Asks: 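Below are the structure tokens for one structure; questions will follow.
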Amino acid sequence: MLKIKTPKTQRAARALEKRASKLVENGKKTLILHGTKTSGVLNEVLTQIYHLKRGNAVKYTKKNKEIRPFESGGETSLEFYSLKSDCSLFVFGSHSKKRPNNLVLGRLYDHHVYDLVEVGVENLKPMESFVYDKKLAPKIGSKPFFAFIGEGFEGVEELKHLKEVLLDLFRGEVVENLNLAGVDRVYVCTAISPTTVFFTHCALRLKRSGTTIPRMELVEIGPSMDFVVRRHCLPNDSLKKEAMKTASQQSKKQVKNVSRDVVQGKIGKIYMPDQQVGGMALSNDIKGLKRQRQEAKMKNSAKEDQAKKRMTDS
């Protein structure tokens with residue numbers, strides 16, 4: 001039987017609490033790994049992705065011989081690194097004669113491989129090759145726009161899967177409200193063919209348009225590359241059903257006689273029945289009664305003294 005271990009220190013307890021399930025999950029971190037052999041182009045691609053995900057990515061430069069995401073048993077080391085770094089997305093690069101400049105994008109659920117998309121990288125242009133005004137450079141952690149151009153993203157199964165993975169990889173934290181002035185980047189994905197997607201990163205420039213809606217201009221700042229879809233692996237139905245579970249959004253039950261105020265906070269009303277104090281039987285040990293008896297004794301003694309004085313006078 002499995003033995004459940006409890007944390008022995010406060011530090012370990014805090015670490016487990018951070019990784020526990022939450023109603024509102026933390027932002028997804030990306031794990032970047034190298035395979036047994038990588039090319040110069042692939043090393044540059046992994047570095048560019050790490051710069052785009054700076055602050056939400058963990059990169060290991062050591063070569064990993066045992067990681068083969070599409071093979072059974074080849075994902076053990078990958079899942080170990082995911083658990084170690086608390087990452088739910090990964091980018092794995094490898095290079096071989098059969099699959100040159102190979103990039104595997106994937107998602108993990110409960111630190112186990114959820115789904116995979118394998119692409120080949122072609123026509124890479126790094127950030128350094130683009131000339132633009134450095135004032136337009138996007139800020140770290142800013143929310144991006146996404147533009148998916150082409151019918152392939154709606155009809156081709158491989159491109160639909162790639163679209164989902166790219167959205168999860170680059171969208172950052174999920175927010176309810178967004179200030180348009182803070183959006184400064186756009187990821188543009190164009191379906192050139194049923195297996196090829198042109199990916200580029202652009203800065204967003206807002207200009208006056210004479211109306212309340214500003215005019216937007218895109219300035220390409222890189223990187224840009226072509227993704228050629230090779231293989232993909234969808235999650236099985238049972239795992240997908242488990243991963244899609246959400247907490248039931250039940251409405252809170254209204255509590256009677258409880259209200260909230262901005263200043264005073266939580267206010268409660270208490271209803272008390274008639275106590276009927278006049279008909280209650282009182283014991284002889286009540287302090288108030290003792291005081292009355294003492295006063296009565298003092299009055300009686302005073303009256304007796306007065307009566308004795310009168311008798312003596314007469």
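Predicted model only: the values in this text are computed from it and were never measured. Basis for what follows: all heavy atoms, side chains included, without hydrogens, waters or symmetry-related copies.
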Asks: Measure from the side-chain N and O atoms of E75 to the backbone N and O of G73, and report whether any donor-acceptor pair falls under 3.5 Å.
Replies: yes
Asks: Closest approach of F153 and L159, non-hydrogen atoms and distance?
Replies: CD2-O, 3.6 Å
Asks: Can a donor-acceptor pair be found between the side chains of T38 and N43 at a distance below 3.5 Å?
Replies: yes
Asks: Going through the checks in order, is the salt bridge (charged side-chain N to carboxylate O under 4.0 Å, His left out) test met by R215 and E217?
Replies: CA-CA 7 Å; R215 183 167 60 91; E217 289 185 358; 2.7 Å; yes
Asks: When clusters are formed by joining ILVMFWY residues with side-chain heavy atoms under 4.5 Å apart, either directly or through shared neighbours, do L167 and L52 land in the same one?
Replies: yes
Asks: Partners of H95 by ring-ring contact (aromatic ring centres under 6.0 Å, His included), sequence neighbours excluded?
Replies: none
Asks: Holding to ring-ring contact (aromatic ring centres under 6.0 Å, His included), I want the full list of residues that pass it with Y50, two or more places apart in sequence or in another chain.
Replies: none
Asks: Taking all atoms of both residues into account, what is the closest heavy-atom pair of V156 and P194, and its distance?
Replies: CG1-O, 3.6 Å
Asks: If the condition is salt bridge (charged side-chain N to carboxylate O under 4.0 Å, His left out), which residues does K163 pass it with, not counting sequence neighbours?
Replies: E154
Asks: What do you reckon, is CD of E128 surrounded by more than 12 foreign heavy atoms closer than 6.0 Å?
Replies: yes
Asks: Between S129 and P126 (side chain of the first, backbone of the second, donor and acceptor by atom type, cut-off under 3.5 Å), is there such a pair?
Replies: yes
Asks: Which atom names give the shortest non-hydrogen contact between L116 and P69, and what distance separates them?
Replies: CD1-O, 3.4 Å
Asks: Does the side chain of S142 pick up a donor-acceptor pair with the side chain of R185 at under 3.5 Å?
Replies: yes
Asks: Can any side-chain N or O of K53 pair as donor or acceptor with the backbone N or O of L169 at less than 3.5 Å?
Replies: yes
Asks: Hey, does C233 have a side-chain heavy atom less than 4.5 Å from the side chain of V117?
Replies: no
Asks: State, yes or no, whether a side-chain contact exists between L89 and L31 at a heavy-atom distance under 4.5 Å.
Replies: no
Asks: Residues two or more places apart in sequence or in another chain: which of them pass side chain to side chain contact (heavy atoms under 4.5 Å, CB included) with S72?
Replies: none
Asks: Do you know which of F90, F92, Y81 makes ring-ring contact (aromatic ring centres under 6.0 Å, His included) with Y60?
Replies: Y81
Asks: Which of these, V45, L33, L103, sits in a side-chain contact (heavy atoms from CB on, under 4.5 Å) with V91?
Replies: L103
Asks: With a 3.5 Å distance limit and no angle check, can you tell me whether N64 reaches the backbone of H34 through a side-chain donor-acceptor pair?
Replies: yes
Asks: Flag yes if I49 and F146 sit in one hydrophobic cluster, no otherwise; membership is Ile, Leu, Val, Met, Phe, Trp, Tyr, and two members link when side-chain heavy atoms are under 4.5 Å apart.
Replies: yes
Asks: If hydrophobic clusters are built by linking Ile, Leu, Val, Met, Phe, Trp and Tyr wherever their side-chain heavy atoms come under 4.5 Å apart, do L218 and F148 end up in the same one?
Replies: no
Asks: By ring-ring contact (aromatic ring centres under 6.0 Å, His included), which residues pair with F199, not counting sequence neighbours?
Replies: F170, Y187, F227
Asks: Does NZ belonging to K28 count more than 12 external heavy atoms closer than 6.0 Å?
Replies: yes
Asks: Taking the side chain as every heavy atom from C-beta outward, state whether T30 and C87 have any pair of such atoms under 4.5 Å apart.
Replies: no
Asks: Kindly say whether V188 contributes a backbone atom to a donor-acceptor pair with the side chain of T200 at under 3.5 angstrom?
Replies: no
Asks: What residues form a side chain to side chain contact (heavy atoms under 4.5 Å, CB included) with R99, not counting sequence neighbours?
Replies: S96, N102, E118, R230, R231
Asks: Rounded to the nearest 0.5 Å, what's the gap from CD on Q306 to OG on S301? Could you check?
Replies: 10.0 Å
Asks: Step by step, would you call K59 with T47 a side-chain hydrogen bond (donor to acceptor under 3.5 Å, both in side chains)?
Replies: CA-CA 9 Å; K59 184 182 179 184; T47 304; 3.2 Å; yes
Asks: For the residue pair V197 and L162, establish whether any side-chain heavy-atom pair is separated by less than 4.5 Å.
Replies: yes
Asks: Could you go through the side-chain contact (heavy atoms from CB on, under 4.5 Å) check for L166 and C189 one step at a time?
Replies: CA-CA 9 Å; L166 288 176; C189 302; 4.0 Å; yes
Asks: Compare all side-chain heavy atoms of H201 with those of P144 and state whether any distance is below 4.5 angstrom.
Replies: no
Asks: List for me each residue that meets salt bridge (charged side-chain N to carboxylate O under 4.0 Å, His left out) alongside K134, sequence neighbours excluded, and say none if there are none.
Replies: none
Asks: F145 versus V183: any side-chain heavy-atom pair under 4.5 Å?
Replies: yes
Asks: For N56, check side chain to side chain donor-acceptor pair (under 3.5 Å) against everything at least two apart and list the hits.
Replies: none
Asks: Measuring from S209:OG to M216:CE, what's the distance to the nearest 0.5 Å?
Replies: 9.5 Å
Asks: Do V228 and V119 have side-chain heavy atoms sitting under 4.5 Å apart?
Replies: no
Asks: If we only count heavy atoms from C-beta on, is the K256 to K269 side-chain gap below 4.5 Å?
Replies: no
Asks: Apply side-chain contact (heavy atoms from CB on, under 4.5 Å) to residues H161 and V165 and explain how you reach the verdict.
Replies: CA-CA 6 Å; H161 191 192; V165 175; 3.9 Å; yes
Asks: Rounded at 0.5 Å granularity, tell me how far CG in L239 sits from CG in D115.
Replies: 9.0 Å
Asks: For E66, does the CD atom sit with more than 12 other heavy atoms under 6.0 Å from it, leaving out its own atoms?
Replies: no
Asks: Could you grab the distance from atom OG of S224 to atom CD of Q48, nearest 0.5 Å is fine?
Replies: 9.5 Å
Asks: Can you confirm whether more than 12 heavy atoms, excluding those of D237, are under 6.0 Å from its CG atom?
Replies: no
Asks: Just by modelled atom types, is the I192 backbone N or O under 3.5 Å from a matching donor or acceptor in the T190 side chain?
Replies: no
Asks: Restricting to salt bridge (charged side-chain N to carboxylate O under 4.0 Å, His left out), what partner residues turn up for E242, sequence neighbours left out?
Replies: K245
Asks: Got a sec, which residues hit side chain to side chain contact (heavy atoms under 4.5 Å, CB included) with Q264, two or more places apart in sequence or on another chain?
Replies: D261, I267
Asks: Under 3.5 Å, side chain of K143 to main-chain N/O of R171, donor-acceptor pair present?
Replies: yes
Asks: Quick one: NE2 on H112 to CG on L78, what's the gap to the nearest 0.5 Å?
Replies: 11.5 Å
Asks: Show the nearest heavy-atom pair for residues K63 and T36, with the distance to one decimal.
Replies: CD-O, 3.2 Å
Asks: Taking side chain to side chain donor-acceptor pair (under 3.5 Å) as the test, write out the residues that go with D86, two or more places apart.
Replies: none
Asks: Nearest 0.5 Å, please: how far is CZ in F198 from CE in M225?
Replies: 9.5 Å
Asks: Using the test side chain to side chain contact (heavy atoms under 4.5 Å, CB included), find all partners of L136 that sit at least two apart in sequence or belong to another chain.
Replies: D133, A203, R205, V219
Asks: Using modelled atom types only, decide if a donor and an acceptor are shared between the side chain of E158 and the backbone of V229 within a distance under 3.5 Å.
Replies: no
Asks: Tell me whether N101 contacts the main-chain N or O of E122 through its side chain, where contact means a donor paired with an acceptor under 3.5 Å.
Replies: no
